[in-house]
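None of these values were measured; they are calculated from a predicted model.
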Amino acid sequence: MKIIVVGGVAGGASAAARIRRLDEQAEIIMFERGRHVSFSNCSLPYHLSETVKESDSLVLMTPEKFKQQHHIDVRVCSEVTAIHRQEKKVVVYDEKTKNQYEESYDKLILAPGAEPILPKNIAGIGQDHVYVVRNVTDIERLKWAVDHMEGNWIAVVGGGFIGVETAENLILAGKSVTLIEGSSQILPPFDADLVQILHKELDDHGVELYLDAMLTAIEPGQIHIRKKEQEMILLADIVVMAIGVAPCTALAVDAGLRIGKTKGIWVNHNFQTSDPDIYAIGDAIEGYHALTHMPSRLALAGPAQRQARAAADHIYGRQHQEHGFIGSSCIRVFEQNAACTGLSVKAAKAAGYSCDSVLLFANDKVSLMPDMHYMAFKLVFEVPTGKILGAQAIGKGDADKRIDVIAAMITMHATLENLKELELCYAPPFSTAKDIVNMAALVGLNILYGEYRQVHVEDVRSLVENDAYIVDVREENEYMAGHLRNAHNIPLSQLRARMNEIPKDREVYLHCRSAQRSYYALCVLRGNGFDRVTNISGSFLGICLYEYYQDKSEGRKPIVTAYQFD
């Protein structure tokens, strides 16, 4: 059998290697239009800070190694320009020789990936000091320009994963960085309450962050943006475009293959296109979201590798059960590690779910450990079933470990009850005896079963501005260090003796540092006849982290007397 693979990296290279393991006699040819067939594209931004010192280190496999180890014919700088489906041939342009030729196939796998979006309506988008980050050649060009630039200002346009990683590494390289994002937050898979922590982290490390801002023009040394109808000019000696990617579908379109609703190549559950002899995988395809049950696209290496294996297996008659994807991802933003899986509250509601969420700030390991830090953890669940829909975690510790747990639970269609009983590893240097994921399940069940009421952190400002009755149950020294402007301080240790100070004829809102002591206080009050008490989710730490960057960037009057971040 002769199999042609168009495109390398995670999808194409994995498919070719899997085919070789299944069939030692197959003729396998892989075409890659770039110079490198297999490289760590997720590591590209880290070359800018020399975390990855040499660009050659980004290259994982060369054509020579593919030939020696897998007997696969890899042809780089070779672009497949057309597919003749009736003749089962592809047309290839060899950039090195400038020749064009045809190659036949029995089966064809398309893994062309996705291209960075460069809007044509932005004046100056085609100038030489405008860069993208897609492959090793791109990052080498950008690194050279960064190292030799005369000025020091770099504008990164786009607050997705690549944009944020690029901004971070440019700061670490000693450059001045402006990050421009068209929406009200970076990293759209996260909800707004948690992502404020990362806004603060970028700001703390010197990134000039402009949200709700659109790039309108690029000129030598400067850019024009529009922010809330205000026109602004910013310094920019280099511009990095990272506003997103579009699937490379031109080859498929010209061949008459079906394109999906999301403009990716349509595939069935075996990753066959509308032509059963042609498969497609990776960033170019339209996949299936396991939670929304809708066509969707996901540009991640992990799903691409699984798709590659499934397509290769199906060519050889092996069965594959496609479950779709849930979108698990993680990122480091300076000192904060952030991870998410499944659906955010915003995405869950958009998909039609009736849902709720809980937000916790708990220790990531036993408090006696010198490297203990808080972790922000948000768990999203369906109402009334308690089915786990998603989670997000941010902290200096192992956020990814917690999200991996939730990703496994979502894949197994688990509920809050299942998560509550989940037995996890424990030792003081690693976690707490009741890990934050178990705690989130317990809090979620309390909310789901109506054990008590909560108010979300984004609603606290309106409570303060409307003079709601808020009780801060932290100790006096904690209160004096910073508190909500209109909060009444009745420490948990004094609560039973001072309950007469709390009104029973109006709603009472409770908070502490992390919502645990305020939950204890709620139980005390409820047990003494108070039936109009509500806990503030996330509590004072969550309020400060949620409010800080918005207060600073928008010039709002703070609702706290002093921010606290630990």
Asker: Looking at Glu140 and Lys143, is any side-chain nitrogen of the basic one under 4.0 Å from a carboxylate oxygen of the acidic one?
Answerer: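 Salt bridge: no.
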Asker: Looking at Asp313 and Arg18, does any basic side-chain N land under 4.0 Å from a carboxylate oxygen?
Answerer: yes
Asker: Could you tell me whether a side-chain N or O of Asp23 sits under 3.5 Å from a main-chain N or O of Ala26, the two making a donor and an acceptor?
Answerer: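 Flag set: sc Asp23 to bb Ala26 pair under 3.5 Å.
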Asker: Yes or no on side chain to side chain contact (heavy atoms under 4.5 Å, CB included) for Arg134 and Val245, after CA distance, side-chain angles and deciding distance?
Answerer: CA-CA 9 Å; Arg134 182 181 188 268; Val245 295; over 6 Å; no
Asker: Is it the case that more than 12 heavy atoms not belonging to Met1 sit under 6.0 Å from its CE atom?
Answerer: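 Check passes, neighbour count above 12.
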Asker: Under 6.0 Å from the NZ atom of Lys349, do we count more than 12 heavy atoms belonging to anything else shown?
Answerer: no
Asker: State, yes or no, whether a side-chain contact exists between Cys42 and Phe161 at a heavy-atom distance under 4.5 Å.
Answerer: no
Asker: Output yes when a side-chain donor or acceptor of Glu382 lies under 3.5 Å from a complementary backbone atom of Tyr353, and no otherwise.
Answerer: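 Side chain of Glu382 to backbone of Tyr353, a donor-acceptor pair under 3.5 Å: no, none is there.
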Asker: Can you tell if the side chain of Arg35 reaches within under 4.5 Å of the side chain of Val76, non-hydrogen atoms only?
Answerer: no
Asker: Using atom types as modelled and distance alone, determine if a side-chain donor or acceptor of Lys98 lies under 3.5 Å from a backbone N or O of Glu95.
Answerer: yes
Asker: From Ile238 CD1 over to His129 NE2, what is the distance, rounded to the nearest 0.5 angstrom?
Answerer: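 So the gap between those two atoms works out to 8.5 Å.
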Asker: On a heavy-atom basis, which atom in Ile186 and which in Val195 lie closest, and how many Å separate them?
Answerer: O-CG2, 3.4 Å
Asker: Counting N and O atoms only, with roles assigned by atom type, does the side chain of Gln321 sit under 3.5 Å from a partner on the main chain of His323, one being a donor and the other an acceptor?
Answerer: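 Pair absent, no side-chain N/O of Gln321 close to backbone of His323.
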Asker: Is any side-chain heavy atom of Ile29 less than 4.5 Å from a side-chain heavy atom of Lys2?
Answerer: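 They are in contact (side-chain heavy atoms under 4.5 Å apart), so the answer is yes.
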Asker: Checking side chain to side chain contact (heavy atoms under 4.5 Å, CB included) for the pair His199/Leu211: CA distance, chi angles, key distance, verdict?
Answerer: CA-CA 10 Å; His199 290 167; Leu211 301 172; 3.5 Å; yes
Asker: If you look at every heavy atom in Met30 and Gly8, which pair is closest and at what distance?
Answerer: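 Scanning both residues, the minimum pair turns out to be SD-CA, 4.1 Å.
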Asker: Nearest 0.5 Å please: distance from the CD1 atom of Ile83 over to the CG atom of Asp275.
Answerer: 8.5 Å
Asker: Quick one: does Tyr46's side chain get under 4.5 Å of Leu58's, heavy atoms only?
Answerer: no
Asker: What orientation do Phe66 and His70 show, parallel under 30°, tilted 30 to 60°, or perpendicular over 60°?
Answerer: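 The arrangement is tilted - the two ring planes meet at 30° to 60°.
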Asker: For atom CE of Met61, is the number of surrounding heavy atoms from other residues, nucleotides or ligands below 6.0 Å larger than 12?
Answerer: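 It does: Met61 CE has more than 12 such atoms within range.
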Asker: Answer yes or no: does atom CG of Asp128 have more than 12 heavy-atom neighbours from other residues, nucleotides or ligands under 6.0 Å?
Answerer: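 No, the 6.0 Å shell around CG holds no more than 12 heavy atoms from other groups.
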Asker: Determine the interplanar angle of the Phe334 and His205 rings, folded into 0 to 90°, and report it as parallel if under 30°, tilted if 30 to 60°, perpendicular if over 60°.
Answerer: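 Aromatic pair Phe334/His205 classed parallel.
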Asker: Applying ring-ring contact (aromatic ring centres under 6.0 Å, His included), which residue pairs with at least one partner in residues 74-106 are found, sequence neighbours left out?
Answerer: none
Asker: Side chains of His289 and Leu343, heavy atoms from C-beta outward: is any pair under 4.5 Å?
Answerer: yes
Asker: Count the heavy atoms of every other residue, nucleotide or ligand shown that sit under 6.0 Å from CD of Glu423, and state whether that count exceeds 12.
Answerer: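 Check fails, neighbour count at 12 or below.
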Asker: For Ser431 versus Lys401, what's the shortest heavy-atom pair and its separation?
Answerer: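 Heavy-atom minimum between the residues: CB-NZ, 4.5 Å.
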Asker: If we check side-chain contact (heavy atoms from CB on, under 4.5 Å) with Leu44, which of these qualifies: Ile139, Leu142, Ile162?
Answerer: Ile139
Asker: Quick one, Ile154 with Thr166, criterion side chain to side chain contact (heavy atoms under 4.5 Å, CB included). Give me CA distance, side-chain angles, the key distance, then yes/no.
Answerer: CA-CA 10 Å; Ile154 301 176; Thr166 299; over 6 Å; no
Asker: Rounded to the nearest 0.5 Å, how far apart are NE2 of His269 and NE2 of His320?
Answerer: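 Answer rounded to 0.5 Å: 8.0 Å.
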Asker: Does Glu322 use its side chain to pair, donor to acceptor, with the backbone of Gly324 at less than 3.5 Å?
Answerer: yes
Asker: Please name the pair of heavy atoms, one in Pro384 and one in Leu448, separated by the smallest distance, quoted to 0.1 Å.
Answerer: O-CD1, 3.8 Å
Asker: Tell me if the NZ atom of Lys89 is crowded by more than 12 foreign heavy atoms within 6.0 Å.
Answerer: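 Open.
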Asker: With the side chain counted from C-beta on, respond yes when Cys340 and Ser329 share a heavy-atom pair under 4.5 Å apart, and no when they do not.
Answerer: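 SC-SC contact between Cys340 and Ser329 confirmed.
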Asker: With a 3.5 Å cut-off and no angle check, do the side chains of Asp56 and His36 form a donor-acceptor pair?
Answerer: no
Asker: Report yes if some heavy atom in the side chain of His456 is under 4.5 Å from a heavy atom in the side chain of Val345; otherwise report no.
Answerer: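 No. Closest side-chain heavy atoms not under 4.5 Å.
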Asker: Indicate the atoms forming the closest heavy-atom contact of Leu194 with Ala393, along with that distance.
Answerer: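 That closest heavy-atom pairing would be CD2-N, 4.2 Å.
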Asker: Indicate yes or no: at least one non-hydrogen side-chain atom of Glu417 is less than 4.5 angstrom from one of Lys420.
Answerer: yes
Asker: Mind checking the CG-OH spacing from Asn268 to Tyr279? Nearest 0.5 Å is all I need.
Answerer: 8.0 Å
Asker: Would you give the length of the straight line joining atom CZ of Phe271 to atom CD1 of Ile109, rounded to the nearest 0.5 angstrom?
Answerer: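 So the gap between those two atoms works out to 11.5 Å.
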Asker: Could you list the residues that satisfy side chain to side chain contact (heavy atoms under 4.5 Å, CB included) with Lys365, not counting sequence neighbours?
Answerer: Met369, Asp371, Met372
Asker: Tell me whether Gln336 contacts the main-chain N or O of Ile394 through its side chain, where contact means a donor paired with an acceptor under 3.5 Å.
Answerer: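 It does not hold such a pair.
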Asker: Any chance you could lay out the side chain to side chain contact (heavy atoms under 4.5 Å, CB included) test for Val91 and Gln100, step after step, and finish with the verdict?
Answerer: CA-CA 7 Å; Val91 179; Gln100 182 171 286; 3.5 Å; yes
Asker: With no hydrogens and no angle check, is any side-chain donor or acceptor of Asp435 less than 3.5 Å from a backbone partner on Val437?
Answerer: yes
Asker: Strictly distance-based, threshold 3.5 Å: is any side-chain N or O of Asn438 a donor or acceptor partner for the main-chain N or O of Leu419?
Answerer: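 Yes, because the side chain of Asn438 sits within donor-acceptor range (under 3.5 Å) of the backbone of Leu419.
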Asker: Say whether, by atom type as modelled, one donor and one acceptor occur between the side chain of Asn135 and the main chain of Asp138 under 3.5 angstrom.
Answerer: yes
Asker: Report the distance from atom CG of Asp364 to atom CG of Asn337, rounding to the nearest 0.5 Å.
Answerer: 10.0 Å
Asker: Provide the closest heavy-atom pair for Gly386 versus Phe381 in the form atom of the first, atom of the second, distance.
Answerer: O-CB, 4.2 Å
Asker: Is Ser274 reaching over with its side chain to a backbone N or O of Arg258, donor-acceptor style, under 3.5 angstrom?
Answerer: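 Checking the backbone N and O of Arg258 against the side chain of Ser274, a donor-acceptor pair under 3.5 Å is found.
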